[in-house]
Amino acid sequence: MAILVTGGAGYIGSHAALRLLRDGHRVVILDNLFRGHAEAVEAVRAAAAKEGRGLEQNLRFVRGSIDDEALVTATLRDNAVDTVMHFAALAYVGESVHQPLAYYGVNTAGGTALLRAIARAGEHGAGVQRFVFSSTCATYGEPGPGEVPIKETLKQNPINPYGASKLFFERVLADFSAAQNAAGKAFSVAMLRYFNVAGCDRSGLLGEQHDPETHLIPVILQALLGVRADGKNMLTVFGTDYPTLDGSCIRDYVHVDDLVDAHVRAIAALKPGEIRRYNVGIGRGHSVKEVIAAAEKVTGMKVPVTFGPRRAGDPATLFADSTAIRTELGWSPRYTNLEDTIATAWAWFKANPHGYAKR
Ligand code: UDP
């Protein structure tokens with residue numbers, strides 16, 4: 001296949017690009033490098049080259065935004081793209097509360113512009129037939145009693161602009177798919193609702209770098225390495241009064257390679273014109289305190305911790321009911337032990353304490 005990977009210079013997108021190259025596909029990364037890293041694209045190229053099969057020659061990088069319709073249309077046509085994996089997005093819950101327009105602009109309007117380019121590119125010729133969207137468990141909002149583990153059928157009721165911007169695009173995408181299908185252009189869609197993505201590729205070349213870094217596991221590892229941007233090198237546990245066993249929040253940590261595997265299985269399974277929706281998580285939750293304990297075991301170091309108030313917008317407990325993706329796609333996470341997942345992240349952070357930019 002010829003696959004456009006939007007946001008391919010980011011954490012998950014770069015891991016997806018590498019997997020697709022390893023599987024023998026042609027890959028075009030589209031990224032405006034607002035939050036992505038040119039070095040991540042080069043890392044994908046290097047990791048593909050390491051395979052020794054010339055796979056790196058199947059990689060192209062286009063610097064640009066998803067809402068640049070002329071550029072995206074030309075990119076789709078020039079590369080005869082038949083499949084799109086859409087990772088490009090803004091993805092901080094907290095930031096979305098303060099800058100909602102940026103989130104609706106990129107995640108909802110930007111995605112809509114991407115679909116316009118797909119429609120235009122398909123006016124003459126086959127065009128894009130499959131689309132996988134990075135959606136999120138944040139589209140569900142705060143589940144009620146008895147609603148965890150979360151099933152795909154749970155009513156989506158987001159509690160922050162990030163979740164809402166992703167949910168709105170799910171709807172745009174479903175309507176676009178219906179219209180395309182009605183017009184005789186089969187356009188199938190997988191909406192994958194991610195839980196908490198963690199870990200790094202086995203090559204040791206691909207990593208996770210967000211500026212600012214706010215995600216739990218990277219924050220812990222950066223604090224241990226003494227490289228937190230604020231210089232404090234301390235983890236603050238956000239809230240110890242949640243209605244959970246130890247009072248801290250519970251999340252479902254899925255390894256990035258397993259998440260990417262879900263995408264690969266989705267594109268293989270999609271029949272022309274259909275829409276599928278899957279939760280992607282391992283189906284087990286870990287509290288913040290359990291994550292800290294696991295990180296201490298992996299690193300052999302004591303995590304410097306303070307306990308603070310709750311962070312706005314954080315539900316107490318989120319983990320997936322992953323029955324649908326397991327039974328329908330045969331997906332089964334290889335990483336089911338949190339320590340193994342953290343170990344893959346630790347390997348990259350230790351080798352790249354300052355991220356891609358400054359080795
Ligand atoms: N968390 C924390 N301290 C931090 C970062 C995160 O206690 O510095 C908690 C957060 O409240 C949540 C969990 O760790 O319960 C995972 O947060 P993260 O930001 O990694 O992902 P999210 O669940 O927001 O997508």
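In this chain, numbering begins with 1 at the start of the sequence shown. Atoms within a ligand are numbered from 1 in the order they appear, just like the ligands themselves.
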| message | Show me the pairs that pass side-chain hydrogen bond (donor to acceptor under 3.5 Å, both in side chains) and involve residues 167-181, at least two apart or across chains. | response |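 Found S135-E170, Q156-E170, E170-R193, S177-N181.
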| task | Would you please classify the geometry between the H286 ring and the Y253 ring as parallel, tilted or perpendicular, with 30° and 60° separating the classes? | result |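 The rings of Y253 and H286 sit tilted, inter-plane angle from 30° to 60°.
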| said: Can you classify the ring geometry of F169 versus H86 as parallel (below 30°), tilted (30 to 60°) or perpendicular (above 60°)? | reply: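 Ring orientation of F169 relative to H86: perpendicular.
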| said: If the criterion is any heavy atom closer than 4.0 Å to an atom of ligand 1, which residues make the list? | reply: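 Within 4.0 Å of ligand 1, the protein residues are N196, T214, H215, L216, L235, T236, V237, F238, C249, R251, Y253, V288, R311, D314.
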| query | Is any side-chain heavy atom of Y104 closer than 4.5 Å to a side-chain heavy atom of P161? | reply |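 Side-chain contact under 4.5 Å: yes.
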| query | Hey, does E152 have a side-chain heavy atom less than 4.5 Å from the side chain of Y140? | reply |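 A side-chain contact exists here, since the closest heavy-atom pair is under 4.5 Å.
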| task | Taking atom CZ of R228 as the centre, report whether more than 12 heavy atoms of other residues, nucleotides or ligands fall under 6.0 Å from it. | result |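 Yes, because the 6.0 Å sphere around CZ of R228 holds more than 12 heavy atoms from other groups.
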